[in-house]
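Let me begin by presenting the structure, written as structure tokens, before commenting on it.
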Amino acid sequence: MKNYKLNNEMTKKIALITGITGQDGTYLTKLLLSKGYEVHGMQRRTSRLNNERLDTIYQEAFMANSGLFIHFGDLSDAGILIKLLQQIQPDEVYHLAAMSHVQVSFDQPEYTADINATGTLRLLEAIKIAGLCQKTKFYQASTSELFGNAAKSPQGESTPFHPTSPYAISKLFAYWMTTNYRNSYGLFACNGILFNHESPLRDESFVTRKITMAVAKIGLGRQKTLYLGNLNAKRDWGHAEDYVEAMWLMLQKNKPDDYVIATGASTSVREFVEKSFDIIGIKLQFEGTGTAEKGYCLSSKNSLYPVKKNSLLVAIDPQFYRPTDIEWLIGDTTKAKEELQWEARTSVDSLVHEMVISDIQSVLNQINTVK
Ligand code: NAP
Ligand code: F7E
């Protein structure tokens, strides 16, 4: 069995991150390495390596001999989870791995339940079987989706849960299992109830990055129209880099607890679209309702690429509607502010700006590579 500990660095804290290749896993790895942790990540086997988001961090960690180790493993496989826990003996486990797409969960409800619900249970059992309940602290990636269409706004830790998708229901099981291992076995286990958080590392299947990438392409003459689903949905959008810090803070407390992490401001999908086009100098005008709603170019002052007035830039494609959707989410972070001294640093305007500029750069890089 390989000894993963670095020479002469036995005092380093050791963290295990499931879902290390994802958006949050990448930011959290960067944060923990900067704090001097030895970081172990679990990555599932795919036919092609999908470590692009981690590449730079991995190279920097390798050069600095700062202790980043990647292990193959999957939440569907209890054996490897037990083996990893026994080998690594982590001080902290950040459980971020999940089938994280709400719309996909309607098409694959059984898989979603197996990975998000039973998978979390497998991981908690692995901690117990490895005899680590008194040593290891556990973070569960819970979600504002648990609230569903809540009767009360903003939503805080005591707002009742009304999950409205297979994704949210699978996460509800994981939420309660986390609480149960805390109460039954004394595991230091926290639920971070995180509202939507985005970044340039967000996958394009989520609405914010889909929008900012399309705006970058339209701005550079590489796409004509952006097709979306529910424009009325309102979300409390923050920056992933701010939110991973809250995960770490939860595990540094003396007592385990659950915390809502959000910005306390809400923006509709339509407004997010308008803000994104604004960055490239395009003003939009929306006309019509429901599936007939369309967004036209009203003016394109200083835009990167000449977009004609009245060009159709946004349209509805019903394939992006969900069988049920949450109309409005907004978080109440009073407890996180008081007990973790955590507050979101990035406004939605700064987030949109960073994402659009980053996507313009990546489209320009693609264009230059093709030339
Ligand atoms: P993400 O980018 O979709 O990353 C999910 C990670 O889970 C990826 O590394 C993925 O691996 C891995 N994974 C998926 N299925 C797996 C399996 N069967 N075994 C092992 N690993 C598996 O998600 P994120 O945005 O970073 O979110 C992190 C966590 O927070 C998720 O649990 C999500 O549900 C939750 N959450 C997210 C938000 C948000 O707004 N971002 C809000 C609240 C809660 P691949 O790279 O191979 O796909
Ligand atoms: O949708 C609407 C869609 O897929 C946001 C995950 O990280 O956050 C995320 O889940 C809203 C929904 O994120 C499109 O109907 C309109 O109302 O970006 P999303 P999500 O479903 O909120 C929570 C907190 C998590 O826990 C999840 O893991 O945007 N929408 N048009 C669209 N959504 C998508 N994806 N694509 C569209 O074309």
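Residue numbers run from 1 in the order of the sequence given. No experiment lies behind these values; they were computed from the predicted model shown. Whatever order the structure lists them in is the order used to number ligands and atoms, beginning at 1.
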Show the atoms of ligand 2 that are less than 4.0 angstrom away from any heavy atom in [X].
X: Glu145; result: 22 (O), 23 (C)
X: Ser144; result: 24 (C)
X: Ala233; result: 17 (O)
X: Ser100; result: 6 (C), 27 (C), 28 (O)

Q) Within 45 degrees of the axis of the six-membered ring of Phe206 and under 6.0 Å from its centre: does Arg202 put its NZ or CZ there? A) yes
Q | Pi-cation contact, Trp248 with Lys35 (under 6.0 Å, within 45°) | A | yes
Q: Considering only NZ, NE, NH1 and NH2 on the basic side and carboxylate oxygens on the acidic side, decide whether Lys234 and Glu271 come within less than 4.0 Å.
A: no
(Q) Between the side chains of Glu274 and Lys283, is the shortest nitrogen-to-carboxylate-oxygen separation below 4.0 Å, so that they form an ion pair? (A) no
Q. Looking only at non-hydrogen atoms, which of Thr143, Asn230, Val104 approaches atom 2 (C) of ligand 2 most closely?
A. Asn230
When only distance counts, is [X] in polar contact with ligand 2, meaning an N/O pair under 3.5 Å?
X: Lys210; value: yes
X: Leu194; value: no
X: Val207; value: yes
X: Thr208; value: no

Distance from [atom] to nearest protein heavy atom, with residue and atom:
atom: atom 31 (N) of ligand 2; answer: Gly229 N, 2.8 Å
atom: atom 35 (N) of ligand 2; answer: Ser205 O, 3.0 Å
atom: atom 1 (O) of ligand 2; answer: Arg322 NH2, 3.4 Å
atom: atom 7 (O) of ligand 2; answer: Arg202 NH2, 2.9 Å
atom: atom 15 (O) of ligand 2; answer: Asp325 OD2, 2.6 Å
atom: atom 13 (O) of ligand 2; answer: Asn196 ND2, 3.7 Å
atom: atom 10 (O) of ligand 2; answer: Val102 CG2, 3.6 Å
atom: atom 12 (C) of ligand 2; answer: Arg235 NH2, 3.5 Å

Q. So, do Ile127 and Phe138 sit near enough that their side-chain heavy atoms are less than 4.5 Å apart?
A. yes
Q) Strictly under 6.0 Å, is that where the ring centroids of His71 and His40 end up? A) yes
Q. Are the aromatic rings of Phe161 and Tyr175 close, with centres under 6.0 Å apart?
A. yes
Q. So which residues, sorted by chain and number, lie with a heavy atom under 4.0 Å of ligand 1?
A. Gly19, Thr21, Gly22, Gln23, Asp24, Met42, Arg44, Asn50, Arg53, Asp74, Leu75, Leu96, Ala97, Ala98, Ser100, Tyr111, Ile115, Ala141, Ser142, Thr143, Tyr167, Lys171, Leu194, Phe195, Asn196, His197, Arg202
Q.
I'd like to know whether NZ of Lys128 has more than 12 heavy-atom contacts from other residues, nucleotides or ligands below 6.0 angstrom.
A. yes
Q.
Please determine whether any non-hydrogen atom of Gln103 lies less than 4.0 Å from an atom of ligand 2.
A. no
Q: Look at ligand 2 and say whether Tyr321 reaches it with a heavy atom at a distance under 4.0 Å.
A: no
Q.
If you apply the rule side chain to side chain contact (heavy atoms under 4.5 Å, CB included), what do you find for Val39 with Ile20, and how did you get there?
A. CA-CA 10 Å; Val39 178; Ile20 194 164; 4.3 Å; yes
Q: If a pair satisfies ring pair (Phe, Tyr, Trp, His ring centres under 6.0 Å) and one of its residues is in residues 273-331, list it, with sequence neighbours excluded.
A: none
Q) Can a donor-acceptor pair be found between the side chains of Glu287 and Gln285 at a distance below 3.5 Å? A) yes
Q | With Tyr243, the side chain to side chain contact (heavy atoms under 4.5 Å, CB included) member among Leu194, Asn196, Leu28 | A | Leu194
Q: Would you mind telling me which of Val356, Ile218, Val363, Leu226 makes a side chain to side chain contact (heavy atoms under 4.5 Å, CB included) with Met213?
A: Val363
Q) Under the side chain to side chain contact (heavy atoms under 4.5 Å, CB included) criterion, do Ile326 and Arg235 qualify, and how do the steps go? A) CA-CA 9 Å; Ile326 301 177; Arg235 291 290 185 275; 3.8 Å; yes
Q. Rounded to the nearest 0.5 Å, how far does OG of Ser165 lie from NE2 of His101?
A. 11.0 Å
